[in-house]
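Just so you know, these numbers use all the heavy atoms, side chains as well, and skip hydrogens, waters and symmetry mates. Quick caveat, the model's predicted, so the values are computed rather than measured. First listed ligand is number 1; within each ligand, the first listed atom is number 1.
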Amino acid sequence: MSFNTVSVIGLGYIGLPTAAVIASRGINVVGVDVNQKAVDTINNGEIHIVEPDLDIVVRGVVSTGNLRATTEPEPADAFMVAVPTPFKGENHEPDLSYIESAAKAIAPVLEKGNLVVLESTSPVGATEKLSQWLAEARPDLTFPQQKGDAADIKVAHCPERVLPGYVLQELVSNDRVIGGMSSACSERAVELYKTFVRGECVITNARTAEMAKLTENSFRDVNIAFANELSVICDKLHINVWELIKLANRHPRVNILNPGPGVGGHCIAVDPWFIVNSCPEQAKIIEMARLVNDYKPNYVVEQVTRAADEFKRPVIACLGLAFKADIDDLRESPALQIVEQLVDDGIGEIITVEPNITELPQSMLEKNIELTSLEQALDRANIVVVLVDHRQFKTADSSQFAAKVVIDTRGVI
Ligand code: SAJ
């Protein structure tokens, strides 16, 4: 009943660390990705994403031959699908096309006794759809929706829950929610996860597992929206929101998160929409939280615009571009959105500081946005906008900000 070969479909921020950790347990792992460049990079023992220590683990498992990447799926005992699940259109409809493509790609190599696990964060019902797509492609095999525990192929959902920046620790230490399409599916999936997870593997059904993941990220989104709403209220009432939240959190049953310039990343700003899309009439708070958080970058732009009105053509230093502290990931970043909006609106001369990158993305270079050091930025700026609570900003000498107009969206100064 052991796993000799595990195939991980999708070698991105979740798939690659998962593949590497399983390979580090001595299991033969075949990683599959449609991106030939990513496949070549991994086979060279290098990585195409940024995650602390991942390069060391990947180099190790590629050199021992435990991890190999390819663009074409091969037979394996288990398949773990870790592909993107974005949304599309105005109604934030989930886009399951990557899951469908993955299903079509692995179906030809499936064999009786195989386990297929969906790891991608998915709307409720996606695991059933995955199983349906597999069944359509392989009428010679039976699937849980037809045969329950007796099916040839076991299918389960086990949502990833790792925090970018701490992926290698959390992959091993976090508890896992395992939702099989039948009990036998869950049990087989637990066997797989037990090969590398030290946390508890808690069994449920596939739909509940899907909803559990969406619930976790929606909970965080709603809590951040509450903090963001408080920050706007506090501005109006001339109260320091950071002090307020610190005080309120001294209550033993209050735990408010931190306001910021908006919610970024590829999870918290996306996943709640899957719930809203399935139950638009019922998911009122969840939808409102999304709207509050999505409005926050506009509010920051309004704040900066008001401050800039006091100058002729101010130099505005924007500190931080990443979507959160101490990472280099600029995707879906509210900080980036704010900077681009300020440039488009022609509000002064914009300079940026992002200690975690060496070059700005093309879209910013095209707008002639400058990337500079913290010292240079503070030297030149009339207005300083703190957009990310990077370590370098938290430890900066606060007297350097004394003569500036400071808009501190993260409360670090
Ligand atoms: N943020 C705030 N205030 C806070 C906390 C976060 O404004 O108090 C902002 C961050 O700056 C960032 C965004 O929210 O822009 C999201 O950051 P995050 O650290 O809350 O979450 P992610 O997107 O990096 O990772 C989340 C995690 N989910 C939860 O903590 C419930 C992670 O465990 C999930 O695995 C991940 O989503 C995912 O892949 O779904």
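Distances below 4.0 Å separate heavy atoms of Val162 from the following atoms of ligand 1: 32 (C), 33 (O), 34 (C), 35 (O), 36 (C). Counting atoms of ligand 1 from 1 in the listed order, those under 4.0 Å from a heavy atom of Glu216 are 31 (C). Every atom of ligand 1 is numbered from 1 in the order shown, and the set under 4.0 Å from a heavy atom of Ile224 is 1 (N), 2 (C), 3 (N), 4 (C), 5 (C), 6 (C), 7 (O), 14 (O). Within ligand 1, the atoms closer than 4.0 Å to a non-hydrogen atom of Glu160 are 35 (O), 38 (C), 39 (O), 40 (O), numbered from 1 in the order shown. Per-residue contacts place Pro164 under 4.0 angstrom from the following atoms of ligand 1 (heavy atoms of the residue considered): 24 (O), 25 (O). Each of the following atoms of ligand 1 lies closer than 4.0 Å to a heavy atom of Gly264: 12 (C), 13 (C), 15 (O), 16 (C).
In this structure, Cys267 is part of the shell of residues with a heavy atom less than 4.0 angstrom from ligand 1. A heavy-atom separation below 4.0 Å is found between Arg410 and ligand 1.
The side-chain heavy atoms of Val116 and Leu110, taken from C-beta on, include a pair separated by under 4.5 Å.
When the shell of 6.0 Å around OH of Tyr295 is examined, it contains more than 12 heavy atoms from other residues, nucleotides or ligands. Atom OH of Tyr299 sits in a crowded spot, with more than 12 heavy atoms from other residues, nucleotides or ligands closer than 6.0 Å. Atom CG of Leu163 has more than 12 neighbouring heavy atoms from other residues, nucleotides or ligands inside a 6.0 Å radius. Taking a 6.0 Å sphere around CG of Asn91, one finds it holds 12 or fewer heavy atoms contributed by other residues, nucleotides or ligands.
At least one N/O-N/O distance between Arg161 and ligand 1 falls below 3.5 Å. Annotation: Leu257 places no N or O atom under 3.5 Å from an N or O atom of ligand 1; distance criterion only. Considering backbone and side-chain atoms alike, Asn217 places an N or O below 3.5 Å from some N or O of ligand 1. Inclusion of Pro334 in the set of residues having an N or O under 3.5 Å from an N or O of ligand 1 is not warranted.
Within the 4.0 Å heavy-atom criterion, the part of Lys213 lying near ligand 1 is the side chain and not the backbone.
The protein heavy atom nearest to atom 15 (O) of ligand 1 is Phe323 O, 2.7 Å. Nearest protein neighbour of atom 27 (C) of ligand 1, counting heavy atoms only, is Leu163 CD1, 3.7 Å. For atom 24 (O) of ligand 1, the closest heavy atom belonging to the protein is Lys324 NZ, 2.8 Å. Scanning all protein heavy atoms for the shortest distance to atom 3 (N) of ligand 1 gives Asn258 O, 2.7 Å. In terms of protein heavy-atom proximity, atom 5 (C) of ligand 1 is nearest to Arg220 NH2, 3.4 Å. Ranking protein heavy atoms by distance to atom 21 (O) of ligand 1, first place goes to Ile268 CD1, 3.6 Å.
Separating the OG1 atom in Thr352 from the CG atom in Leu321 is a distance of 5.0 Å, to the nearest 0.5 Å. Note: Thr18 OG1 to Met80 CE = 6.0 Å, rounded to the nearest 0.5 Å. Within the model, atoms CD of Glu74 and CD of Glu72 stand 9.0 Å from one another, a figure rounded to the nearest 0.5 Å.
When atom types are taken as modelled, the side chain of Lys296 and the backbone of Val263 share no donor-acceptor pair closer than 3.5 angstrom. Between the Asn293 side chain and the Asp221 main chain, a donor and an acceptor come within less than 3.5 Å of each other.
Below 30°, between 30° and 60°, or above 60°: for Tyr13 and His266 the angle between ring planes is between 30° and 60°, a tilted geometry.
Listed by first and then second residue, the side chain to side chain donor-acceptor pair (under 3.5 Å) pairs involving residues 155-170 are Glu160-Lys213, Arg161-Glu216, Glu170-Asn174 (not counting sequence neighbours).
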